[in-house]
Amino acid sequence: MGSIDKYIFKTTLASFALVLVSLTGVIWITQALRGIDLMTSQGQTILTFLGITGLVIPALVLIIAPIALMIAISHTLNKLATDSEIIVMNAAGFSPFRLFRPFFYATCVVAALVAFIGAYLAPDGMRRIKQWDAEITADVLTNILQPGRFAQLDQNLTIRIRERLPGGVLGGIFVDDRRDPQERVTIIADHGTVLKNESGSYLVLEDGNLERFQVGKRDPALVAFGRYAFDMSKFSQNRDVTLGIRERYMWELMWPRDDDPIYQQLSGQFRAELHDRFMAPLYPFAFAALTFAFLGAPRTTRQSRNFSIGGSVFAVFGLRMIGFACSVVTVKNPLAAVVQYLMLFGGIGVGIWMIVGGVVVEPPAALMEQINRNNERIARFFRRPATA
């Protein structure tokens with residue numbers, strides 16, 4: 001690349017990085033607030049909260065990156081036009097297609113980033129979220145038992161602790177076990193600890209009383225104990241993590257196992273997700289071509305660019321919304337994926353045709369005359385002197 005190409009290339013990528021970080025940060029905060037219960041209800045640390053919610057960032061970047069590229073290209077072209085650099089480069093022999101070259105290089109970088117995220121990074125982050133969440137919620141004894149709350153672990157099992165003491169000691173433990181229809185067991189202990197070994201997980205209660213109400217007996221059996229182990233292994237076993245469609249790598253979507261129950265039930269969603277992954281790197285090229293086609297033509301500083309900016313935004317977001325709709329329809333109808341491919345390549349083709357042909361997007365003269373007349377009427381209205 002020459003010096004001009006390097007200048008435009010660096011400016012575009014710098015703007016892209018700034019916009020990408022800003023948009024991703026704002027959207028990530030809204031998503032992260034949904035997982036705030038990790039700290040409030042499950043007692044997790046801020047590092048665990050940030051770690052889990054941060055794994056969703058690659059999936060956000062996958063959607064935001066093409067839009068951030070469109071904004072970066074618009075900003076760079078507006079900067080070049082404001083400083084009259086496009087006019088100078090055009091006078092020096094730079095055709096619009098030649099000027100598009102550094103933007104094309106920047107688009108290739110963004111497309112490679114999107115392809116890597118879609119094929120590996122985003123699904124890897126999503127499956128790590130699911131595995132991490134399973135590990136957190138699997139250990140009921142350390143995460144769900146919160147001081148002052150009645151935790152219903154099973155349909156007929158309720159446990160409450162008064163407080164957590166240093167050293168992992170649980171103070172003021174109450175257990176109400178009605179799982180056996182023939183008896184009801186109520187346990188009150190001064191304190192207890194969690195014990196895990198090869199046999200399972202146990203809540204070891206100390207200095208308490210156990211009341212056993214059996215069916216057919218008038219009076220309960222009352223037992224005072226110094227140490228009693230309550231089996232909690234059923235509630236502390238690790239759960240099997242079932243990976244959804246978005247947690248699958250690209251190659252797992254391309255070649256799914258025939259005995260995969262998720263694939264057997266949701267083969268249409270597999271197909272739609274696979275085509276979305278294939279088309280994700282194409283969106284940056286379509287957005288870049290259309291944005292440059294509307295804004296890249298040489299103009300003087302007196303020529304308004306508002307209509308071109310509005311047209312580029314309308315074209316890009318219209319293309320993306322149609323893409324979302326086609327993705328939904330592809331679940332039931334495979335031909336919708338073909339329409340989406342044709343739409344993307346058509347957008348790229350139209351953009352390149354406009355760039356090569358030097359098409360300048362300007363509002364119709366009749367529309368501008370009508371806008372000017374309306375502006376004059378409004379100006380005259382506000383210039384009228386106030387009546388006494």
Side-chain angles (χ1 to χ4, degrees), residues 20 23-25 27-39 41-42 44-45 47-68 110-140 143-144 236-284 320 323-332 334 336-337 340:
L20 181 65
L23 292 179
T24 304
I27 298 177
W28 172 76
I29 291 175
T30 62
Q31 297 293 320
L33 291 177
R34 299 180 182 179
I36 198 69
D37 62 327
L38 285 171
M39 293 188 297
S41 65
Q42 297 187 14
Q44 298 300 313
T45 64
L47 294 178
T48 302
F49 169 73
L50 294 177
I52 292 180
T53 55
L55 290 173
V56 77
I57 290 178
L60 296 177
V61 172
L62 190 64
I63 303 298
I64 297 172
I67 299 175
V110 175
L113 174 66
V114 170
F116 172 70
I117 292 176
Y120 174 78
L121 198 58
D124 184 70
M126 298 300 290
R127 67 170 57 192
R128 287 178 184 272
I129 290 176
K130 180 165 287 190
Q131 292 171 354
W132 203 344
D133 182 66
E135 292 175 1
I136 290 175
T137 57
D139 195 348
V140 178
N143 295 302
I144 295 184
S236 298
Q237 294 175 352
N238 291 330
R239 301 178 299 176
D240 294 332
V241 177
T242 302
L243 297 178
I245 298 176
R246 294 192 175 183
E247 287 94 30
R248 308 295 179 99
Y249 297 121
M250 175 75 80
W251 51 90
E252 293 175 339
L253 294 174
M254 295 175 63
W255 300 288
R257 293 184 292 106
D258 295 333
D259 59 346
D260 188 342
I262 303 297
Y263 175 69
Q264 293 174 354
Q265 297 176 4
L266 305 173
S267 59
Q269 294 187 16
F270 264 77
R271 178 178 57 248
E273 182 67 20
L274 178 61
H275 287 297
D276 281 346
R277 302 278 185 90
F278 280 141
M279 283 181 281
L282 298 178
Y283 276 102
R320 196 65 187 94
F324 282 131
C326 289
S327 297
V328 175
V329 179
T330 303
V331 177
K332 298 293 182 62
Q340 194 171 0

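Across every non-hydrogen atom of Val114 and Pro281, the tightest pair is CG1-N, 4.0 Å. Of all heavy-atom pairs spanning Arg277 and Arg246, the tightest one is NH2-O, 3.6 Å. Of all heavy-atom pairs spanning Ala280 and Leu62, the tightest one is CB-CD1, 4.3 Å. Heavy atoms only, all atoms of each residue included: Ala336 and Val329 are closest at CB-CG1, 3.7 Å. Looking at every heavy atom in both residues, Gly118 comes nearest to Pro123 through O-CD, 3.7 Å.
Distance OH/Tyr283 to CD1/Ile63: 9.0 Å, rounded to 0.5 Å. Atom CD1 of residue Ile57 and atom CD1 of residue Ile27 lie 11.5 Å apart, to the nearest 0.5 angstrom. One finds the CD atom of Glu247 at 13.0 Å from the CZ atom of Arg128 (value rounded to the nearest 0.5 Å). In this structure, the separation between CD1 on Ile67 and CG on Leu23 is 8.0 Å, given to the nearest 0.5 Å. Put simply, CE on Met250 and CD on Glu273 are 9.0 Å apart, with the number rounded to the nearest 0.5 Å.
For the side chain to side chain donor-acceptor pair (under 3.5 Å) test, no residue two or more places apart in sequence or in another chain qualifies with Gln269. Checked against side chain to side chain contact (heavy atoms under 4.5 Å, CB included), Trp251 has the following partners two or more places apart in sequence or in another chain: Tyr120, Tyr249, Trp255. The ring-ring contact (aromatic ring centres under 6.0 Å, His included) search around Phe270 returns Tyr263, not counting sequence neighbours.
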Would you please test Gln340 and Met279 for side-chain contact (heavy atoms from CB on, under 4.5 Å) and show each step? CA-CA 9 Å; Gln340 194 171 0; Met279 283 181 281; 3.0 Å; yes
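Judged purely by atom type and a 3.5 angstrom limit, Arg271 uses its side chain to pair as donor or acceptor with the backbone of Val331.
By the 4.5 Å heavy-atom criterion applied to side chains, Leu253 and Ile245 are counted as neighbours.
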